[in-house]
Enquirer: 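The structure that follows is given in the form of structure tokens.
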Amino acid sequence: MKENLEKRINTLAEWLYESRHLVVFTGAGISTESGLPDFRGPDGLWTRRDKRLPPKAMSRSWDSVEPNSGHISITDLQKLGKLQFLISQNVDNLHIKSGIHPDLLAELHGNMTKLRCMRCGKKVDQSDGMTMCGCGGRLVSSVVNFGEPLREKDLRPSFKHSQESDLFIVVGSSLVVTPAADMPLEALRSGAKLVIINQGKTPFDHRAHLRFYEKIGDVLPKAVKRLKRLMRLFE
Ligand SMILES: [Zn+2]
């Protein structure tokens, strides 16, 4: 596998170049490369959430965590007009922090830095210190708790774009949690090419048209660079 990494990156760049409806799907794996804790480890965010415990205090604040080259590559795809939609399982705000337009993003599990109005659904920054929305509704954490259903507002466009996609790229997710894991299936049914960039195994590995077990940071930035060359854009 390792020997043909360059070849696979070239293929990915060509597919990005040809794609008309690119959908990217990200999971915790993209953020561990930013130094975020392992979400499924013994003290991981999700493990604690599942036990109804608050997130463990981090040695630094959430605000100090910066997007990495993986996040930035996805933002580059947006700038190049390639990204049609981004679906994320992450709550760390790093996609928005890296410049992804909120209209192109579904945060399936919410966002740690945002509060949501229980009445109108509007999202506001937690740092604003507000407790009530302008509409009079109460502001609560936007993070979707364990056992709570995902929100239609995020699910609907995610499924729609998955069905419309011709290229679906999974970045740093093991695709084990449904309904999120159903999205690549929708894309495959619609004839999309499926690309998986994840260091661990996924249930979709045998159906992927292109598979990277390498680090995200060793794949995506190079693929975007080659895409720019194909688009005759030079840095
Ligand atoms: Zn409201």
Side-chain angles (χ1 to χ4, degrees), residues 21-28 30-31 34 36-37 39-40 44-58 60-67 71-72 74-75 77-79 81 83-165 171-173 177-183 186:
H21 203 109
L22 166 68
V23 174
V24 178
F25 181 104
T26 64
I30 192 169
S31 294
S34 270
L36 278 184
F39 282 44
R40 282 286 173 201
L45 188 62
W46 296 141
T47 312
R48 290 180 65 86
R49 190 187 69 161
D50 292 355
K51 293 178 185 163
R52 298 179 188 277
L53 293 169
K56 198 172 187 215
M58 291 212 314
R60 52 203 176 125
S61 79
W62 280 90
D63 288 343
S64 71
V65 182
E66 291 299 330
H71 297 99
I72 291 162
I74 297 171
T75 306
L77 290 170
Q78 171 186 262
K79 286 183 193 156
L83 182 70
Q84 297 300 306
F85 204 65
L86 172 60
I87 305 164
S88 183
Q89 298 175 294
N90 299 340
V91 297
D92 53 36
N93 198 42
L94 292 180
H95 286 306
I96 289 179
K97 206 169 183 182
S98 71
I100 290 292
H101 196 284
D103 288 350
L104 292 187
L105 172 68
E107 290 174 308
L108 296 178
H109 296 137
N111 183 316
M112 290 286 285
T113 71
K114 303 254 187 275
L115 298 175
R116 191 180 61 89
C117 171
M118 285 181 82
R119 187 188 278 177
C120 72
K122 190 182 153 187
K123 285 186 184 149
V124 301
D125 283 336
Q126 203 151 20
S127 57
D128 290 349
M130 290 159 67
T131 55
M132 302 288 278
C133 174
C135 79
R138 200 156 68 88
L139 292 171
V140 294
S141 166
S142 72
V143 173
V144 179
N145 288 305
F146 180 70
E148 232 186 299
L150 302 189
R151 297 192 181 100
E152 272 303 312
K153 198 176 154 287
D154 295 305
L155 279 180
R156 213 178 304 118
S158 300
F159 274 109
K160 181 180 158 279
H161 282 284
S162 300
Q163 285 157 1
E164 287 171 357
S165 73
V171 183
S173 173
V177 187
T178 54
D182 296 332
M183 290 167 193
E186 292 293 332

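We count ligands from 1, going down the list as the structure has it; atoms in each ligand are counted the same way.
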Enquirer: Any idea which heavy atoms bring Ser158 and Leu108 closest together, and the distance?
Expert: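 Result for this residue pair: OG-CD2, 3.8 Å.
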Enquirer: How would you list, by chain and number, every residue that makes a side-chain hydrogen bond (donor to acceptor under 3.5 Å, both in side chains) with Ser173, sequence neighbours excluded?
Expert: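 Only Gln89 meet the side-chain hydrogen bond (donor to acceptor under 3.5 Å, both in side chains) criterion with Ser173.
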Enquirer: Taking the Zn ion (ligand 1) as the centre, how many protein N/O/S atoms fall inside a distance shorter than 2.8 Å?
Expert: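 Step by step: take the Zn ion (ligand 1), keep protein N, O, S below 2.8 Å, and you get 4.
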Enquirer: Contact between Leu105 and Ser88 at the side-chain level, heavy atoms closer than 4.5 Å - yes or no?
Expert: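 The answer is yes; the side chains approach within 4.5 Å.
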Enquirer: Would you call His71 and His95 a side-chain contact if the rule is heavy atoms closer than 4.5 Å?
Expert: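 They are in side-chain contact.
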Enquirer: Kindly write out the residues that satisfy ring pair (Phe, Tyr, Trp, His ring centres under 6.0 Å) with His161, not counting sequence neighbours, or none if the list is empty.
Expert: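 His21, Phe85.
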Enquirer: Once side-chain hydrogen bond (donor to acceptor under 3.5 Å, both in side chains) is applied, do any residues pair with Asn145, and if so which ones, sequence neighbours excluded?
Expert: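 By the side-chain hydrogen bond (donor to acceptor under 3.5 Å, both in side chains) rule, Asn145 matches Glu148.
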